[in-house]
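Okay, structure first, notes after.
Letters go in sequence order (proteins before strands), and every chain restarts at 1.
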Amino acid sequence: MDFKATEKKWQAIWEKNKTGYDKKSNKPKFYALEMFSYPSGAKLHIGHWYNYGPSDSYARFKRMQGYNVFQPIGFDAFGLPAENFAIKTGVHPKSSTRRNIETMEKQLKAMGAMFDWSAEIKTCEEDYYKWTQWMFLRLYEKGLAYRKEAPVNWCPSCQTVLANEQAAGGICERCGTQVVKKNLTQWFFKITDYAEELLTGLDGLDWPEKTKLMQKNWIGKSMGCEVEFTLENGEPLRVFTTRPDTLFGVTYVVLAPEHSLARALTTEENYAAVEEYIDYASRANEIDRLSSAREKTGVFTGSYCYHPLTGRPLPIYLADYVLASYGTGAVMAVPAPDERDYAFATKYGLPIEQVIEMQGSDTTLPYTEKGHIVNSMGFDGLDSEEAKIAIATELAKLGRGGKKINYRMRDWLVSRQRYWGAPIPVVHCPHCGVVPVPDKELPVKLPEEVEFRPDGKSPLEKCEEFMNTLCPKCGGKARRDPDTLDTFVCSSWYFLRYADAHNDKAPFDKAAVNKLLPVDVYVGGAEHACMHLLFARFFTKALRDMGYLDFDEPFKRLVHQGVILGPDGNRMSKSHGNVVSPDDYVETYGSDAFRLYLMFGFSYTEGGPWNDDGIKSIAKFMERVEKTVLSAYAVAPDQTGLYGDNERALDYARNFAISRVRKDMEAFSFNTAIARMMEFLNALTKYSTAEKKNTTLYRTAAKDLILLIAPCAPHFAEELFEKIGGKGSVFDQPYPEENPEALVLDETEYAVQVNSKIVLRAKFKNGMTDEEIKERALSLDEVKSRVGDKEVKKCIVVKGRLVNLIVG
RNA sequence: GCGGAUAUGGCGAAACCGGCAGACGCGCAGGACUUAGAAUCCUGUGGGAAACCAUGUGAGUUCAAAUCUCACUAUCCGCACCA
């Protein structure tokens, strides 16, 4: 088959006939979604193919199963790479992005996927980012967007803010200077308001367990207790702990260097040391933080606070092993049962007092296990769990704390000091403060004439015609927000926009999203486990609470494709020099063969090192399919009704294949699905050599093979289907369903074991009782010779599999 | 350090709920067709002469373990002082 001509032909037909989602259809909907991609300068790489090819086959499979399949595509078009490219080459991000999108569109079409191009989205276009801004405003109204100071990566040499990925290892990627932290007032989304629901909602999702666990850990719920110590001036100092049972072992208290009371609590004689330490901690960069073996450092403030139950004075230290952003930014230090406190106490000569009785042979501190409480006044003798409750209750009674839940997850910082993103739609007015831009003035257009080369300022801040505006509230002179939104904001709702991509009155119509969503299967890389997938869930829940949609979770089922590595087993990258381009293979073998090979050669969710050894064999397989199918149709069908052993065998192979392929396709187990098709083809080939044939059966079996393979090799199957006289598209044919009767055989092969060792394999008629099987097995010569006159003590029969005789 | 995953022939990989390990394919070997090669087709293919031995290593449970339990090793991924 001339695959080039075939691909072109069918792609044109599909485009003309609009084979995508049909709004008027009353078939059940199926929303199949692949993560949209970034329009990179290079062509489609193997990763794109590996994501989009097999998942398109899955979508086509669903279509043939009678679903009205919606499979949209688009581009996550804002972001840093286009901006960097612009800085390097001077080409405006808008034009490079548009050009890249065009290339990718062409290539995606050439792949032969049934994307619904009518719903295409490009997040950098005004008709999209207008609604991204609208989302921001709704979150702001709802109190879910707020401003606060937060550190950014700042390169003192380039005088610019760096994204985390540009500051990897604490070094500026441009000039190699050490990056410092600098505080800026930035926008946050209050994702933490949804921490609990984001956690509990995971239970009902058909997602990889690993991904759910990662989100769970990311959210990091911990149940503990807040404890209020008293400062010398009588003011409270609160800490969070998960071990209130060790409260009597506290020997000092530690604040994060950034804690608001750090300076206030410093006595005069400690002032210089504390200032120096705070400065030291602020300079601590990522490299330091990467080493978990980092030695603990800290400084005494000179102040004390009092234990809530004993009244004992406790020295207050500052140390950067305490995080300002978690809990209250202060901890009670209990060196005996805590490794960190123990290390710190040892270094600074602070007392270490045991409150948990050690058990067994373990006699070294720190002893972090739970156990019986000692040296704890009235609580002695309780075990840790009892003591936790008792002590928390006691604190609550005294109004000095009590049970408390904390989450590790932080609010989402969405401000970016970048050009190529959606402008944040607020105005800063000297009189009115922060004023949201009214909906009717959206979009706040991203200006095109902007100096985005780094020179110390946010790119937009240098664009006076953008920055200068009037306050929507008082009409006076005001300035726009110079930052743009994190691109993750754009991708947090694109799957909703697809459902109503051309709506110019709203981001989407409520009925439209309620009809199409949630997404039935979402396919994409595992690297998004904690960012994109969490943000999208947050948006969905927030929009639900504002009444814009009626479901709780955006993605019912999630599948991660594996990663195709370079032939050397490393991640493909230019620096490794191991990048394999799909283009040559597609050129030589065709897009169907290439897709089929990706599906057959790897376990889909595992991926693995690239290896093209088998790609020829896939081409050969397709040729054999073609040859065999056409030979079945080369002679006129007969009505002999011949149905002997050969026919039964073929019918069995056919129905077995159908049944297994359906299961495997559903499970994204494409490699085994194709293996089953190969087996079926082998059976067909074998039948083709039979002297007398039931050509009617032969034909229907051959047709079933085309239908089975159609989702995986769409152009090829369309062409074959047409050649055998099929009318219309093969994708309008129902996917084959097995006939269970053909799968019932008269007899089954059993493994016959004596003392769990296999003696032979024997066929037994189906329907025999266990006792009959035992008797038949015992009557076999090979068994007799093994058993001899020994007593049969036990006989295990596993129906359809084996019989095991225990003798002795 | 914590959490998770993975480990099966020369290679990519299969194996339902504990029930015949290695499906399917590559590669390899032999054969057929060819003047010859390519292509194609057929046969064989975990190791071992065999008894038997084999699913990273070592124990255990069981009539039966790739699968369950415990300990360990290696690789990969995520988190990384979260009190």
- Item | A:K620 side chain, from C-beta outward: closest of B:rC53, B:rA23, B:rC41 | B:rC41
- Item | Partner residues of A:A324 under the side chain to side chain contact (heavy atoms under 4.5 Å, CB included) criterion, sequence neighbours left out | A:A256, A:E258
- For the pair A:E679 and A:R676, find out whether any cationic side-chain nitrogen is under 4.0 Å from an anionic carboxylate oxygen. yes
- The glycosidic conformation of B:rC17, counting syn as within 90° of 0 and anti otherwise, is syn
- Task: Taking only Lys NZ, Arg NE, NH1 and NH2, and the carboxylate oxygens of Asp or Glu, determine whether A:K763 and A:E749 approach each other closer than 4.0 Å.
- Result: no
- Message: Students often get this wrong, so: under 4.0 angstrom with heavy atoms, is A:V322 touching a base, only sugar-phosphate, or nothing?
- Response: base
- Query: To the side chain of A:I806, which of B:rC79, B:rC63, B:rG25 is closest?
  - Reply: B:rC63
- Query: What is the distance from CG of A:N682 to P of B:rU40, rounded to the nearest Å?
  - Reply: 15 Å
- Taking 4.0 angstrom as the limit, do A:K620 and A:E623 come out as a salt bridge? no
- Does the side chain of A:Y321 get closer than 4.0 angstrom to OP1 or OP2 of B:rA83 through an N or O atom? no
- Message: Between A:F300 and A:Y252 (judged by ring centroids, cut-off 6.0 Å), do the two rings come close enough to count as a pair?
- Response: no
- Message: Please report the distance separating the P of B:rA7 from the corresponding atom of B:rC17, rounded so that it comes out in whole Å.
- Response: 16 Å
- Could you check which of B:rC79, B:rA83, B:rC24 has an atom nearest any side-chain atom of A:Y326? B:rA83
- Query: When you compare B:rU45 with B:rU8, how far apart are their P atoms, in angstrom units rounded to a whole number?
  - Reply: 23 Å
- Query: Taking atom types as they are modelled, is there a donor-acceptor pair under 3.5 Å from the base of B:rC81 to the side chain of A:K296?
  - Reply: yes
- Message: Applying a 4.0 Å non-hydrogen cut-off, can you work out what A:S325 is touching in the nucleic acid: base, sugar-phosphate, or nothing?
- Response: nothing
- Query: Can you tell me how far C1' in B:rA21 sits from the matching atom in B:rA71, rounded to whole Å?
  - Reply: 25 Å
- Query: Which dot-bracket notation, 5' to 3', represents the base pairing of RNA chain B when pairs are defined as Watson-Crick or G-U with both distances under 3.5 Å, crossing pairs as [ ], and inter-strand pairs as |?
  - Reply: (((((((..(((......[....)))((((((.......))))))((....))..(((((..]....))))))))))))....
- Quantified in whole Å, what is the P atom distance between nucleotide B:rA64 and nucleotide B:rA49? 30 Å
- Item | Length of the CG-P vector between A:L323 and B:rA83, whole Å | 10 Å
- Query: Over how many whole Å does the gap from A:K616 atom NZ to B:rA38 atom P extend?
  - Reply: 12 Å
- Item | Interatomic distance where CG belongs to A:N217 and P belongs to B:rG1 [whole Å] | 18 Å
- Item | Carboxylate-amine/guanidinium proximity below 4.0 Å for A:E772 and A:K765 | no
- Whole-Å distance separating the CD atom of A:E623 from the P atom of B:rG25: 16 Å
Listed pairs, N/O of protein and of nucleotides 11-13 of chain B, under 3.5 Å:
| from | atom 1 | to | atom 2 | distance (Å) |
| --- | --- | --- | --- | --- |
| B:rG12 | O2' | A:G601 | O | 2.3 |
| B:rA13 | O3' | A:N671 | ND2 | 3.1 |

- Kindly write out the residues that satisfy side chain to side chain contact (heavy atoms under 4.5 Å, CB included) with A:K212, not counting sequence neighbours, or none if the list is empty. A:L202, A:W207, A:E209
- Query: Below 4.0 angstrom, N of the basic side chain to O of the carboxylate: do A:R654 and A:E738 qualify?
  - Reply: no
- Query: Expressed in angstrom and rounded to an integer, what is the separation of A:L247 atom CG from B:rA83 atom P?
  - Reply: 17 Å
- Query: In terms of the angle between their ring planes, are A:Y348 and A:F344 parallel, tilted or perpendicular, with boundaries placed at 30° and 60°?
  - Reply: tilted
- Query: Does A:K210 place a side-chain N or O at less than 4.0 Å from the phosphate oxygens OP1/OP2 of B:rG3?
  - Reply: no
Any N/O pairs under 3.5 Å between the protein and nucleotides 19-22 of chain B? List them or say none.
| from | atom 1 | to | atom 2 | distance (Å) |
| --- | --- | --- | --- | --- |
| B:rC20 | O2 | A:R761 | NE | 2.1 |
| B:rC20 | O2 | A:R761 | NH2 | 2.9 |
| B:rC20 | N4 | A:E749 | O | 3.4 |

- Message: Please report the distance, rounded to the nearest Å, between CZ in A:R571 and C1' in B:rC76.
- Response: 10 Å
- Item | Pair A:Y321, A:D341: side-chain N/O donor-acceptor within cut-off below 3.5 Å | yes
- Query: Whole-Å distance between B:rG4 P and A:K216 NZ?
  - Reply: 10 Å
- Message: Tell me whether the rings of A:Y277 and A:Y280 are parallel (<30°), tilted (30 to 60°) or perpendicular (>60°).
- Response: tilted
- All salt bridge (charged side-chain N to carboxylate O under 4.0 Å, His left out) counterparts of A:E626, not counting sequence neighbours: A:K723
- Side-chain ion pair, A:K296 and A:D320, N-O less than 4.0 Å: no
